[in-house]
Amino acid sequence: QVQLVESGGGLVQAGDSLKLSCAASGGALSNYRTAWFRQAPGKEREFVAIISGSGAATFYAASVKGRFTVSRDNANNLVYLNMNSLKLDGTAVYYCAAVLGAVLPPSRRYRSNPNSYPAWGPGTQVTISS
């Protein structure tokens, strides 16, 4: 099973940008479709975005589409989440998650279900202030 570690979180102001990284070890990340989730205090873990193993296919939650971009660098076993125009409700712990299988499944519900992903990082805190 691949191991994941997120980095890049911090304290920013609403409207700012931030780029998160997810570093993998113990396997070739290109063999895994990789997703980002976030969890705000007192709320359930929420799907943010997913990218296929090759990087050719992506899918976003409606709440972040047009503002966030997920990308990957398979040569270095990295996946990124570039976040622009951050909003106050984006304050959360951000997690990357991966599952073996490079192709995005057709079911949107399956893609966005945290239970579909066996590998998780410890998370990185993103705090957005006004």
Side-chain angles (χ1 to χ4, degrees):
Q1 190 70 280
V2 67
Q3 290 84 48
L4 306 172
V5 177
E6 306 89 342
S7 62
L11 173 63
V12 296
Q13 291 189 318
D16 283 354
S17 298
L18 199 62
K19 186 174 183 178
L20 305 181
S21 298
C22 173
S25 60
L29 200 56
S30 58
N31 294 328
Y32 294 76
R33 53 188 181 271
T34 308
W36 287 93
F37 287 79
R38 64 187 179 186
Q39 188 165 19
K43 295 190 176 182
E44 292 187 352
R45 195 161 295 190
E46 174 192 23
F47 170 80
V48 174
I50 185 174
I51 187 167
S52 64
S54 69
T58 58
F59 176 70
Y60 297 90
S63 59
V64 306
K65 192 172 184 179
R67 298 187 297 118
F68 289 15
T69 302
V70 59
S71 61
R72 65 193 306 150
D73 175 1
N74 284 338
N76 292 295
N77 256 13
L78 291 165
V79 171
Y80 302 105
L81 184 67
N82 201 12
M83 306 185 293
N84 295 321
S85 303
L86 284 163
K87 300 180 180 180
L88 293 175
D89 63 1
T91 291
V93 177
Y94 284 71
Y95 300 90
C96 65
V99 57
L100 192 62
V103 177
L104 296 192
S107 167
R108 293 186 177 188
R109 178 175 292 185
Y110 186 83
R111 295 176 196 172
S112 60
N113 186 346
N115 294 327
S116 300
Y117 301 86
W120 290 83
T124 185
Q125 175 71 47
V126 174
T127 303
I128 302 160
S129 65
S130 59

Q | Co-membership, hydrophobic cluster, residues V70 and V2, 4.5 Å side-chain | A | yes

Q | Over 12 non-hydrogen atoms of neighbours within 6.0 angstrom of CD in E44 | A | no

Q. Got a second to check how far T91's OG1 is from I128's CD1, nearest 0.5 Å?
A. 4.5 Å

**Q.** Closest non-hydrogen atom pair between A14 and L88, with its separation
**A.** CB-CD2, 4.3 Å

Q.
Before you tell me yes or no, could you show the steps for W36 and C22 under side chain to side chain contact (heavy atoms under 4.5 Å, CB included), namely the whole-Å CA-CA distance, both residues' side-chain angles and the distance that decides it to 0.1 Å?
A. CA-CA 9 Å; W36 287 93; C22 173; 3.7 Å; yes

Q: Consider only side-chain heavy atoms of I, L, V, M, F, W and Y, link residues closer than 4.5 Å, and tell whether I50 and L78 are in one cluster.
A: no

**Q.** Heavy-atom closest contact (L100 atom, N31 atom, distance)
**A.** CD1-O, 3.6 Å

Q) Is any side-chain heavy atom of W120 less than 4.5 Å from a side-chain heavy atom of P114? A) yes

Q: For this output row, return yes or no: ring centroids of F37 and F47 closer than 6.0 angstrom.
A: yes

(Q) Donor-acceptor check, side chain of T124 to backbone of S7, threshold 3.5 angstrom: yes or no? (A) no

Q: List the steps, then state whether side chain to side chain contact (heavy atoms under 4.5 Å, CB included) holds for N84 with S17.
A: CA-CA 4 Å; N84 295 321; S17 298; 2.8 Å; yes

Q: Would you check if T69 and T58 make a side-chain contact, meaning some heavy-atom pair closer than 4.5 Å?
A: no

Q. Quick one: side-chain hydrogen bond (donor to acceptor under 3.5 Å, both in side chains) partners of Y32, sequence neighbours excluded?
A. none

Q.
Considering only residues two or more places apart or on different chains, which pairs with a residue in residues 84-113 satisfy salt bridge (charged side-chain N to carboxylate O under 4.0 Å, His left out)?
A. none

Q. So Y94 and F68, would you call those rings parallel, tilted or perpendicular, with 30° and 60° as cut-offs?
A. tilted

Q | Hphob cluster co-occupancy, F59 + V103, side-chain heavy atoms under 4.5 angstrom | A | no

Q. For S30 and A102, which heavy atoms make the closest approach, and how far apart are they?
A. O-CB, 3.7 Å

Q: Flag yes if L81 and V79 sit in one hydrophobic cluster, no otherwise; membership is Ile, Leu, Val, Met, Phe, Trp, Tyr, and two members link when side-chain heavy atoms are under 4.5 Å apart.
A: yes

**Q.** M83 and V126, any side-chain heavy atoms less than 4.5 Å apart
**A.** yes

Q: Could you tell me which residues satisfy ring-ring contact (aromatic ring centres under 6.0 Å, His included) with Y80, sequence neighbours excluded, listed by chain and number?
A: none

Q: Please name all residues satisfying side-chain hydrogen bond (donor to acceptor under 3.5 Å, both in side chains) with D73, sequence neighbours left out, ordered by chain then number.
A: N76

Q) Do the side chain of N77 and the main chain of L29 share a donor and acceptor less than 3.5 angstrom apart? A) yes

Q) What closest approach, in Å, do Q1 and Q3 show between heavy atoms, and which atom pair accounts for it? A) O-NE2, 2.6 Å

Q. Which value, rounded to the nearest 0.5 Å, describes the distance between N113 atom CG and S107 atom OG?
A. 9.0 Å

Q.
Apply side chain to side chain contact (heavy atoms under 4.5 Å, CB included) to residues E6 and L20 and explain how you reach the verdict.
A. CA-CA 7 Å; E6 306 89 342; L20 305 181; over 6 Å; no

Q: Write down the atom of P122, the atom of L4, and the distance for their closest heavy-atom approach.
A: CD-O, 3.5 Å

Q: Could you pull out the closest heavy-atom pair between A40 and A92, with the gap in Å?
A: N-CB, 3.7 Å

Q.
Going by salt bridge (charged side-chain N to carboxylate O under 4.0 Å, His left out), name the pairs with one or both residues in residues 25-38, residues two or more places apart or in two chains.
A. R38-E46

Q.
Is there a continuous path of hydrophobic side-chain contacts, each under 4.5 Å between heavy atoms, that joins Y117 to I51?
A. no

(Q) According to side-chain hydrogen bond (donor to acceptor under 3.5 Å, both in side chains), who are the partners of T127, at least two apart in sequence or on a separate chain? (A) Q125

